[in-house]
Amino acid sequence: MCDVCGCGDPDILPIEVQESILAGNDRGARHNREHFEEAGVLALNLMGSPGSGKTAVLEATARRLRTHLRLGAMSADLATERDAERLARAGIPAAAITTGSACHLDADLVHHGLHKLPWRDLDILFVENVGNLVCPAVYDLGQAANVVVLSIAEGEDKPLKYPVMFRRADLVLLSKMDLLPHLEVDLAALEDALARVMPVPRVLRVSARTGEGLEAWIAWLLEQRACVHAHPYPHAHRH
Amino acid sequence: MHEYAIVRALMDRVEQEAQARKALRVHRVRIRLGEAAGVDGALLATAFRTYREAAGCGATDLDVVPVPARWACTGCGREVALGEVLQCPVCGLPARLIAGDEILLERIEMEVA
């Protein structure tokens, strides 16, 4: 209470904080990133709409690369473990993260998911996010790069409608290219839309079904993989 | 809708400050929200009202200060308008987001004994 004039008004204390509301998540993401860098694992955050073909791209990748590189995946889903089961059938270790009502992964969910995988032994860990073009873009998970899967059936204007997702993408995979003859989609318009939301647009056209473009995608993965060198961090615990 | 998760993270932080200062009541919380941060201001306000009712902190107001998104050339600094190709028309270099990416807790006003 005010004890200057005795008016009885409460004292209002202003506190300047100036801190990101996501600071807690960002700390968790830094922790995950340290783990990945220390173990020399390339962690990729794979995002896209429900049904864009994220799991199909990973299945095709697993079948082509699993004998050359140690791949693993963590698949997030609101209610089922189907994606992780599909990836396990494609021959790679895969853990399901059931998020319940959460529409996105956050750094802590990924950290918990690590306990279900022999992730230290991997060359590449794919973190398959919840199918959603909005929320997952906001949360850093500790990944080295973001890959967004956008199927050509979704429409040319999706990058303009969901700019944050595409701005944060290091690579966009235009998926389901085998459907091109059946669709009225203008790929030039789609790539123009990407150039208006991504400062350095990097786009590959792929089809998990026919294998089109998968060589270029695998070349991109190997290029990213070549940038990863295990280096020890002073770290208090192991998973 | 991740706006509810954002509100929860915000109010956990506010609660922490309020407890540290033995506040009787939190009057007002002010945040800066970038246009390109990926959080919708109107949904955030709705999520805040829902949280406020559930948590019984009915007297706290939320001020959201919107921050417009701005892109500029990484070379010459010339601004590139929103909706344009994100490449400098003069240097050809990629543009960089220079404002509008923040989700920032700026200030808390609390009543203390």
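So you know, we letter chains A, B, ... as the sequences are listed, proteins then strands, and number each from 1. A quick note: this is a predicted structure, and the numbers were derived from the prediction, not measured.
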Top residue by heavy-atom pair count (under 4.5 Å) with chain A, among B/T74, B/L93, B/V39, B/D101?
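Ranked by contacts with chain A, first place is B/D101.
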Using a cut-off of under 4.5 Å on heavy-atom pairs, state which of B/I6, B/L24, B/I108, B/L82 scores highest against chain A.
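Maximum pair count with chain A is reached by B/I108.
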Between [Y] and [X], does any NZ, NE, NH1 or NH2 come within less than 4.0 Å of an OD or OE carboxylate oxygen?
X: A/R82; Y: A/D77; value: no
X: B/R8; Y: B/D12; value: no
X: A/D83; Y: A/K54; value: no
X: A/D26; Y: A/R33; value: no

Side chain, backbone, both or neither: which part of [X] has a non-hydrogen atom closer than 4.5 Å to chain A?
X: B/A95; answer: backbone
X: B/R21; answer: side chain
X: B/E17; answer: side chain
X: B/A37; answer: backbone

Based on non-hydrogen pairs under 4.5 Å, which of [options] is most in contact with chain B?
options: A/A23, A/A193, A/C103; result: A/C103
options: A/N132, A/L13, A/V164; result: A/L13
options: A/R168, A/E19, A/E16; result: A/E19

Check the side chains of A/N25 and A/D140 for a donor-acceptor pair under 3.5 angstrom, ignoring hydrogens and angles.
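Result is no, nothing qualifies.
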Please determine, by modelled atom types, if A/E154 and A/S52 share a side-chain donor-acceptor pair under 3.5 angstrom.
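On atom types as modelled, these side chains do not qualify, holding no pair under 3.5 Å.
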Chain B contact via [X] - side chain, backbone, both or neither, heavy atoms under 4.5 Å:
X: A/P163; value: neither
X: A/A195; value: both
X: A/Y162; value: neither

Using side-chain contact (heavy atoms from CB on, under 4.5 Å) as the criterion, point out the one residue from A/R205, A/R202, A/M198 that pairs with A/V172.
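The side-chain contact (heavy atoms from CB on, under 4.5 Å) with A/V172 is passed solely by A/M198 among A/R205, A/R202, A/M198.
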Can you label the angle between the B/H2 ring and the A/H104 ring as parallel, tilted or perpendicular, going by 30° and 60°?
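Ring orientation, 0 to 90° scale: perpendicular.
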